[in-house]
Chemist: 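Dumping the structure here so I can ask a few things about it.
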2 protein chains.
Amino acid sequence: MKDISPKLIELFKEGHCTPQIARIAKKLKEPSTTIHYNIKKLEREEKIKAYKAVFNYKNIDEGTCNFILANLKDDNYGDPEQIASEIAKNPKVESVDIVTGDYEIIIKLRTKDNDEYYEYMKKAIKRFGFSKVISMTSLKQIKTEFVNL
Amino acid sequence: MKDISPKLIELFKEGHCTPQIARIAKKLKEPSTTIHYNIKKLEREEKIKAYKAVFNYKNIDEGTCNFILANLKDDNYGDPEQIASEIAKNPKVESVDIVTGDYEIIIKLRTKDNDEYYEYMKKAIKRFGFSKVISMTSLKQIKTEFVNL
DNA sequence: TCATATTATTGAATAATATTCAACTATTTA
DNA sequence: TAAATAGTTGAATATTATTCAATAATATGA
């Protein structure tokens with residue numbers, strides 16, 4: 001047995017997919033060469049970043065989802081981008097934004113359960129120098145990544 | 001001229017992509033039939049929801065991104081899911097979650113600019129019966145949908 | 001424990017699909 | 001309005017996914 005699934009999930013989170021030209025062509029009632037041309041154009045213009053999969057996170061051991069609003073300690077206040085890039089490296093982190101308002105950073109984090117979430121927070125507060133932090137746990141996800149659940 | 005791009009972007013937001021089995025096979029150094037089998041298994045088990053594109057939103061007229069935290073008026077308080085589903089229908093809405101904490105709903109909204117954002121808010125507050133609302137504008141996106149920008 | 005059933009792996013054959021190409025059309029530019 | 005550029009398209013080709021059948025590994029149950 002070759003436990004390939006976790007590797008596939010990892011690859012699919014970021015890319016390793018490709019457009020279905022024939023199906024789109026049929027749907028839009030255009031020749032597939034026309035669709036092909038237009039997709040390549042979108043890619044050339046860098047409008048498309050990646051082709052990837054969206055998961056039923058409950059079914060892949062990432063059933064817990066939290067929005068974390070954080071402030072940085074004064075030491076790091078000047079360079080939030082650097083910190084944000086570090087945060088982004090974690091594969092459990094779905095998104096990282098630097099935002100306006102009472103908090104500087106919003107992290108969307110997907111973990112297996114509350115234990116894993118707690119472990120993340122414990123380390124993150126120390127490592128990234130968060131000062132004020134609040135979390136909002138997603139009780140119900142209606143739409144993610146533009147996909148209705 | 002056939003202005004196909006907007007239609008493609010719409011389709012790619014939700015799906016119309018497919019895995020690149022051959023490339024994954026090469027990467028993982030496994031036969032493509034093995035990769036194929038394992039992907040189909042993930043789909044059968046409903047672990048994969050969709051295959052879609054991620055965009056450089058700045059390049060597709062969705063350069064403005066806001067996190068909206070909202071409370072519902074007492075009238076709707078009992079059925080936030082119904083409201084959330086309505087909110088999710090808007091293609092500018094990337095995600096909708098019902099969450100713990102001071103606010104009931106988090107919306108991630110992508111608009112062309114602040115004007116479009118303002119128009120959305122004006123209508124949304126009325127239509128969905130938001131009471132307290134705060135917005136956090138994303139000044140810099142480091143990672144979205146698991147994809148580093 | 002061992003027989004049987006189920007699940008997983010894989011190479012070879014086939015079917016489906018993307019890609020290239022060249023001719024043509026529409027649009028933009030100067 | 002001529003020339004250049006960008007977009008459309010059918011036919012040919014190259015890639016790739018899919019099916020299939022054989023085999024191997026693992027799980028199940030008496």
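Reminder, nothing fancy here: chain letters follow the sequence lines and each chain counts from 1.
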Chemist: Of the nucleotides C:dT10, D:dT18, C:dA8, which one has an atom closest to the side chain of B:Ser32?
Modeler: D:dT18
Chemist: Distance check needed: C:dT9 C1' versus B:Lys40 NZ, whole Å only.
Modeler: 17 Å
Chemist: Which whole-number value in Å describes the distance from B:Ile24 CD1 to D:dT18 P?
Modeler: 11 Å
Chemist: What's the CG-P distance between B:Asn38 and D:dA17, to the nearest Å?
Modeler: 15 Å
Chemist: Give the nucleotide from the list C:dT10, C:dA8, D:dT9 with an atom nearest to the side chain of B:Thr33.
Modeler: C:dT10
Chemist: Measure from the side-chain N and O atoms of A:His16 to the backbone N and O of B:Gln20, and report whether any donor-acceptor pair falls under 3.5 Å.
Modeler: no
Chemist: In this structure, how many angstroms lie between the C1' atom of C:dC24 and the NZ atom of B:Lys2, rounded?
Modeler: 14 Å
Chemist: For A:Lys7, is there an ion pair with A:Glu10 - N to carboxylate O distance below 4.0 angstrom?
Modeler: no
Chemist: In whole angstrom, what separates B:Asp3's CG from C:dT27's P?
Modeler: 12 Å
Chemist: Can a salt bridge be assigned to the pair A:Glu94 and A:Lys108 using a cut-off of 4.0 Å between side-chain N and carboxylate O?
Modeler: yes
Chemist: What is the separation between atom CD on B:Gln20 and atom P on D:dA14, rounded to the nearest whole Å?
Modeler: 20 Å
Chemist: For B:Arg23 and for B:Ile4, locate the closest nucleotide of DNA chain D by heavy-atom distance; then report the residue assigned to the nucleotide nearer the 5' terminus.
Modeler: B:Ile4
Chemist: Looking at A:Glu119, A:Glu62, A:Glu116, which hits salt bridge (charged side-chain N to carboxylate O under 4.0 Å, His left out) with A:Lys92?
Modeler: A:Glu116
Chemist: Which residue lies toward the 5' end of DNA chain D, A:Glu45 or B:Thr18, if each is placed at its nearest nucleotide?
Modeler: A:Glu45
Chemist: Which of these, A:Ile107, A:Val96, A:Ile125, sits in a side chain to side chain contact (heavy atoms under 4.5 Å, CB included) with A:Ile68?
Modeler: A:Ile107
Chemist: Among C:dA18, C:dT27, D:dT18, which is the nearest nucleotide to the side chain of B:Met1?
Modeler: C:dT27
Chemist: Mind calculating the distance between OH (B:Tyr37) and P (C:dT10) to the nearest angstrom?
Modeler: 12 Å
Chemist: Between C:dT9 atom P and B:Glu30 atom CD, what is the distance in whole Å?
Modeler: 8 Å
Chemist: With nearest nucleotide decided by heavy atoms, which residue, B:Thr34 or A:His36, maps closer to the 5′ end of DNA chain C?
Modeler: B:Thr34
Chemist: What's the closest nucleotide to the B:Ile21 side chain, out of D:dT18, C:dG11, C:dT19?
Modeler: D:dT18
